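Predicted model only: the values in this text are computed from it and were never measured. Chain A is the first sequence line, chain B the second, and so forth, proteins listed ahead of strands; every chain is numbered from 1.
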Protein chains: 2
Amino acid sequence: MSMRLQDVSEAAPLRSCTHEYKVNCETCRLSRICLPLAINHQDLEQLENIIQRSKPLQRNELLYHEGTPFQSIYAVRSGAVKGYRTTSDGREQVTGFYFPGEILGMDGISNNSHASSARALETSAICAIPFDSLERLSASMPSLQRHLFQLMSREITDDQLLITLLSKNSADERVATLLLSIANRNARRNLSASQFRLPMSRVDIGNYLGLTVETISRVFSRMQKTGMLRVDNKEIEILDQEALQQAANLAA
Amino acid sequence: MSMRLQDVSEAAPLRSCTHEYKVNCETCRLSRICLPLAINHQDLEQLENIIQRSKPLQRNELLYHEGTPFQSIYAVRSGAVKGYRTTSDGREQVTGFYFPGEILGMDGISNNSHASSARALETSAICAIPFDSLERLSASMPSLQRHLFQLMSREITDDQLLITLLSKNSADERVATLLLSIANRNARRNLSASQFRLPMSRVDIGNYLGLTVETISRVFSRMQKTGMLRVDNKEIEILDQEALQQAANLAA
DNA sequence: ACACGGCCATGATGCAGATCAAGAAGCGGT
DNA sequence: ACCGCTTCTTGATCTGCATCATGGCCGTGT
C-alpha cells in the first residue's frame, strides 16, 4: 500500500538536521543574484557563519508552516519551492514560486510567526538564514541592511503585480505572464529562457493564477495550437516569444 | 468653466512646500499606532528631527507618482490615501487604502523609484520620512530597524490576503471583508467600528476588489436589503456585525 | 507486467459578474 | 437657485471561466 503524496512529512524542520556543513557563498554560483550580492569580500565570511545548510528537502516536504514560530528566512539553492497560505475553509492559495537564488519567508517577520507555508516542489537544497543574526549583522553593515529592505520591497511590488494580474487580466494573459516570468528568472541564472521544465503541477499554476486546472490545460492547448508554445506535459518550449509577449498583453 | 477633478495637480511634491514646522510625534495622538510606536522617549527626538510635515494635500492631489525617484516613505496623519499602479494599457489598479497612522511608499525602496502612485482621497495631512535618514537612524536603533522590517513584512502579508481575496472569494465576500477591515482600522484609532464614512468612491472600491462599480452598488443594495448594513451614499452603518462576518466568510 | 492513484486533456453546461443602457441623486461653481 | 458633471443605482443581456463529467496518460509500488 502506498502513501498519499500530500501526507509525506507534515514537518521537516531544517534546523533539527544533524550534519550541517560550512556554508560557502563565495563559491556558490548563485552569489551574484542571492543575498551575498550586497556584501563585499571581507564581510562575506560573517554572513557565511550564520547561514545554515542542511540535507535537501524532498518533493512535497514542508520548509515551514503558517503559524509556526518565525526564526529564519530561506534562500533556495537548487530545486523549487511554492509559498502558499491556507484559507479558513481549508483551501490553499499559492502566493508564489521560488527558484534558486530567491529568498522567501519574510512574511513571518511581522508577527514572529510564519504567515504562509512553503513546500518543496521537487528535491531542493535550501539555505536557512537565522533572522535575528541577520538583523544584528545588518545593523553594522549598511549595504546588507539596505539589501534586506530592497528584498522585502521587491516582494511587495511582486505581490502588487500579482494583484493586478488577478484583478485585470484574462486567463490567457495570466498564463502568458507566468511563463514569461519563469523564462526571465531562468535567464537570470543563465539557463534557457525558451525551454524549461515546470516544477509545479497544473493545479498549482491554476491556484496561483486564480484559475482552475481545466482552464490552464485549455490555455496551454490553445497556445500550442497557435504555435507560440510547445507543451509536452511539464516540458515547455516557447516557440514565439513575440507572440507570447503579445498574449501577456500589458500586464506588467 | 470648471476643471475636471482628475486633472487637479498632476504633481504636488511635498518637499517643495515652504512652511515646514517642527514635527511633534510625542503629542500626536497616532503615535501609539504609527512609526514612533517602536521608539523610546529619548530616541524619539531624533526621529522627529528627520520627519517633515507640510501643508495638507487636497482631495485628488498626488502624493507621489510611479516612476519618480524614491526619497521618503509617508505616514498618514489625517484623511485617507489610495495607492495604485497604472497598467501598461493605462488602467488603474488600486493596491491599497491608507488611513491615519498607516505607512505607505515602501514599494519604492527596491528600485529607488516609486513602483506605485498615491493620491489623497480627501484633504489629508501627511508626514514625509526621508528614507536615507531613516536607514541611518535604524542602524543605530535596533528597535526601529526591527519595526521597519515588521512594517514591510506586514505590507507583504496584507498583499497576500488581498491576493487570496481576489482569487478565491465572491463579490459579497470581498466587499464584506473590506468593510470589516475598515471597521477594524477605525477601532484601532478609537473611532466607531460600526458607523463611518467611506472616503473612497465606488469605482475605487471596485477597482481594489477586482469588481465593477455596478457590482459594488448591487452588493451594497443587497446587504442593505437583508438588514446587515445601512448604506447612505458613502455613509455606512454596520447593523449586524455577526452577519457581515458571516458574509465575509472565511477570507482571512 | 500490471494495477492503482494522481495528473492532465477535452467536451457540455451553468452561472457570477461584466457589459450595455438609462435614469436618479449628489455637489461644486456661478 | 440653477446648471453641468460626476457618482451612484438598477435593469437587461452577454460571456469567460467554473463546474461537472469522462477518458487517457504516466509514474510508482508490488
Side-chain angles (χ1 to χ4, degrees), chain A residues 1-8 58-60 82 91-92 94 119 121-123 165-176 197-225 229-236 247 249, chain B residues 1-8 58-60 82 91-92 94 119 121-123 165-176 197-225 229-236 247 249:
Chain A
M1 111 178 210
S2 75
M3 240 173 154
R4 293 181 56 237
L5 280 178
Q6 278 75 357
D7 293 335
V8 167
Q58 294 306 116
R59 183 170 139 82
N60 282 317
K82 75 168 168 182
R91 288 175 305 168
E92 201 174 276
V94 175
R119 196 181 285 272
L121 290 167
E122 58 192 32
T123 305
L165 196 66
L166 289 174
S167 108
K168 293 260 187 301
N169 292 95
S170 70
D172 287 35
E173 291 165 339
R174 296 185 208 182
V175 172
R197 181 185 169 75
L198 296 173
M200 73 294 278
S201 69
R202 302 281 193 272
V203 176
D204 286 334
I205 295 176
N207 193 322
Y208 176 68
L209 296 176
L211 300 166
T212 57
V213 208
E214 293 94 323
T215 300
I216 304 300
S217 261
R218 284 188 243 271
V219 172
F220 277 162
S221 300
R222 232 176 292 153
M223 287 181 169
Q224 172 140 252
K225 211 163 291 171
L229 233 56
R230 206 181 48 72
V231 183
D232 176 16
N233 205 353
K234 311 213 160 190
E235 218 53 62
I236 299 286
N249 205 6
Chain B
M1 106 180 212
S2 75
M3 240 172 152
R4 292 183 57 238
L5 280 177
Q6 277 75 357
D7 294 333
V8 167
Q58 294 305 117
R59 184 170 141 80
N60 283 317
K82 76 167 168 183
R91 286 175 305 168
E92 200 173 276
V94 174
R119 194 182 287 270
L121 291 167
E122 58 192 32
T123 306
L165 196 67
L166 289 174
S167 113
K168 294 257 187 302
N169 292 95
S170 69
D172 289 33
E173 291 165 339
R174 294 183 209 183
V175 172
R197 180 184 171 76
L198 296 173
M200 73 292 278
S201 70
R202 301 281 194 271
V203 177
D204 285 335
I205 295 176
N207 194 323
Y208 176 68
L209 295 175
L211 300 167
T212 56
V213 209
E214 293 94 324
T215 300
I216 304 300
S217 257
R218 283 188 242 272
V219 172
F220 276 162
S221 300
R222 233 178 290 153
M223 287 181 170
Q224 171 141 254
K225 210 164 290 171
L229 233 55
R230 206 179 51 68
V231 183
D232 176 18
N233 204 354
K234 309 213 161 188
E235 216 55 60
I236 299 285
N249 206 4

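Between the C1' atom of D:dC26 and the CG atom of A:D232 lies a distance of 11 Å, rounded to the nearest Å. In this structure, B:F220 atom CZ and C:dG17 atom P are separated by 15 Å, rounded to whole Å. Atom C1' of nucleotide D:dT7 and atom CD1 of B:I216 are separated by 14 Å, given to the nearest angstrom. Nucleotide C:dC7 holds its C1' atom 12 Å from the CZ atom of A:R197, rounded to whole Å. Atom P of nucleotide C:dA16 and atom NZ of B:K168 are separated by 18 Å, given to the nearest angstrom. Put simply, CD on B:E122 is 13 Å from P on C:dG28, counting in whole angstrom units. Taking atom CZ on B:R174 and atom P on C:dG17, their separation rounds to 7 Å, with Å as the unit. Note: CD (B:E173) to C1' (C:dG17) measures 14 Å, nearest angstrom.
Side-chain proximity of A:S221 to D:dC8, C:dA18, C:dA9: nearest is C:dA9.
Contact of the A:I216 side chain with the A:V219 side chain is not registered, since no non-hydrogen atoms from C-beta on lie closer than 4.5 Å. Contact check for B:R202 versus B:F220: side-chain heavy atoms found under the 4.5 Å cut-off. Residues B:P199 and B:K234 have side chains not in contact (no heavy-atom distance under 4.5 Å, counting atoms from C-beta outward). Taking 4.5 Å as the limit, some side-chain heavy atom of B:D232 sits within range of a side-chain heavy atom of B:R230. Taking 4.5 Å as the limit, every side-chain heavy atom of B:L121 sits out of range of all side-chain heavy atoms of B:R59. At a threshold of 4.5 Å between non-hydrogen side-chain atoms, the residues B:L166 and B:R174 count as touching.
Under the 4.0 Å criterion applied to side-chain N and carboxylate O atoms, A:E122 and A:R197 are not assigned as salt-bridge partners.
Contact annotation for A:L211: backbone-only contact, meaning every heavy-atom pair under 4.0 Å involves sugar-phosphate atoms and none involves a base. Within the nucleic acid shown, B:S217 comes within 4.0 Å of at least one base atom, counting heavy atoms only. Residue A:T215 is classed as a sugar-phosphate contact, given heavy-atom separations below 4.0 Å to backbone atoms only.
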Below 3.5 Å between N/O atoms, which protein atoms pair up with nucleotides 11-15 of chain C? Just atom names and distances, please.
unit_1 : atom_1 : unit_2 : atom_2 : d
C:dG11 : N7     : A:R218 : NH1    : 2.9
C:dG11 : O6     : A:R218 : NH2    : 3.2
C:dA12 : N6     : A:R218 : NH2    : 3.4

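Between B:K234 and D:dT7 there is no side-chain polar atom (N or O) within less than 4.0 angstrom of OP1 or OP2. Taking only side-chain nitrogens and oxygens, B:T212 never comes nearer than 4.0 Å to OP1 or OP2 of C:dG17.
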Practice problem: Test B:E92 against B:V94 for side chain to side chain contact (heavy atoms under 4.5 Å, CB included), laying out the working first. | Solution: CA-CA 6 Å; B:E92 200 173 276; B:V94 174; 4.2 Å; yes
Exercise. Begin from the C-alpha positions of B:M223 and B:I236 and carry the test side chain to side chain contact (heavy atoms under 4.5 Å, CB included) through to its verdict.
Key: CA-CA 11 Å; B:M223 287 181 170; B:I236 299 285; over 6 Å; no
Practice problem: Could you go through the side chain to side chain contact (heavy atoms under 4.5 Å, CB included) check for A:K82 and A:M200 one step at a time? | Solution: CA-CA 8 Å; A:K82 75 168 168 182; A:M200 73 294 278; over 6 Å; no
Practice problem: Given side chain to side chain contact (heavy atoms under 4.5 Å, CB included), test A:K168 with B:N207 step by step and report yes or no. | Solution: CA-CA 9 Å; A:K168 293 260 187 301; B:N207 194 323; 3.1 Å; yes
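For DNA chain D, the residues of residues 199-210 of chain B within the heavy-atom distance limit of 4.0 Å (strictly under) are B:S201, B:R202, B:V203, sorted by number.
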Quiz item: Given pairs defined as Watson-Crick or G-U wobble with both distances under 3.5 Å, what dot-bracket annotation applies to DNA chain D, with ( ) intrastrand, [ ] crossing, | other strand and . unpaired?
Solution: ||||||||||||||||||||||||||||||
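A donor-acceptor pair is defined here as one N or O able to donate and one able to accept, closer than 3.5 Å; no such pair exists between the side chain of B:T215 and the backbone of B:L211.
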